[in-house]
Amino acid sequence: MPELGAVVDRIRSKNAGPFWVTIDVFCGDGETFAAVCAALDTDAVADRFGVAADAIRRFEIADLAVLKLSLPRPAIQGTPEDRDMHGAGWAALLAEMPIRLMTGSRGESPGG
């Protein structure tokens, strides 16, 4: 099963204020976007980041082929407990997440 970062163009994360981090998944085309949106389960993302699934805000922006996930930070930005002040490291954690695509996107065969 491929990792998410291998099937999309780019994943970036950034600070979205002192309480949130936003992760943008740039899919590159409509086919990849549809496949990623169908395969990337919000509950699995919540498990990966240790947050409640209902705390994640998910935005599927088809016109841009971008999936945006906003997650609450585990610690308020800038506090001694904050390990990633700019939120940049979250992208790598999502990029390494295995994903089973349901279409032939990016050369991935159905069923992965």
Go through it in stages, so that I can follow the logic: the residues are R10 and R12, the test is side chain to side chain contact (heavy atoms under 4.5 Å, CB included), and I'd like the CA-CA distance, side-chain angles, deciding distance and then a yes or no. CA-CA 7 Å; R10 179 182 169 146; R12 121 183 127 186; 3.9 Å; yes
task = Verify the distance criterion only: is there a donor paired with an acceptor across the side chains of D29 and T32 at less than 3.5 Å?
result = yes
Provide the closest heavy-atom pair for [X] versus [Y] in the form atom of the first, atom of the second, distance.
X: G87; Y: V21; result: O-CG1, 4.0 Å
X: R73; Y: G17; result: CD-O, 3.8 Å
X: A91; Y: S13; result: N-OG, 2.9 Å
X: A52; Y: A46; result: C-CB, 4.0 Å

Using a 4.5 Å cut-off on heavy atoms from C-beta on, say whether the side chain of [Y] contacts that of [X].
X: L93; Y: F49; result: yes
X: F19; Y: I76; result: yes
X: T22; Y: L69; result: no
X: W20; Y: N15; result: no
X: S70; Y: F59; result: yes
X: D84; Y: W90; result: yes

To the nearest 0.5 Å, what is the distance between [atom1] ([X]) and [atom2] ([Y])?
X: I61; Y: D63; atom1: CD1; atom2: CG; answer: 9.0 Å
X: D43; Y: R48; atom1: CG; atom2: CZ; answer: 15.0 Å
X: M97; Y: M1; atom1: CE; atom2: CE; answer: 9.5 Å
X: L64; Y: C27; atom1: CG; atom2: SG; answer: 11.0 Å

NZ/NE/NH1/NH2 to OD/OE distance under 4.0 Å, R58 and E60: yes
Salt-bridge criterion met for K14 and D24 (N-O under 4.0 Å)
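Yes, charged N to carboxylate O under 4.0 Å.
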- Item | side chain to side chain contact (heavy atoms under 4.5 Å, CB included) between V66 and F33, intermediate numbers included | CA-CA 7 Å; V66 173; F33 172 76; 5.6 Å; no
### Query
Does the side chain to side chain contact (heavy atoms under 4.5 Å, CB included) test come out yes or no for I11 and I23, once each step is laid out?
CA-CA 7 Å; I11 301 174; I23 305 170; 3.7 Å; yes
Can you hop from M85 to L71 via hydrophobic side chains spaced under 4.5 Å?
no
- Starting from the C-alpha separation in whole Å, work towards a yes-or-no answer on side chain to side chain contact (heavy atoms under 4.5 Å, CB included) for I99 and L101. CA-CA 6 Å; I99 187 167; L101 298 178; 4.0 Å; yes
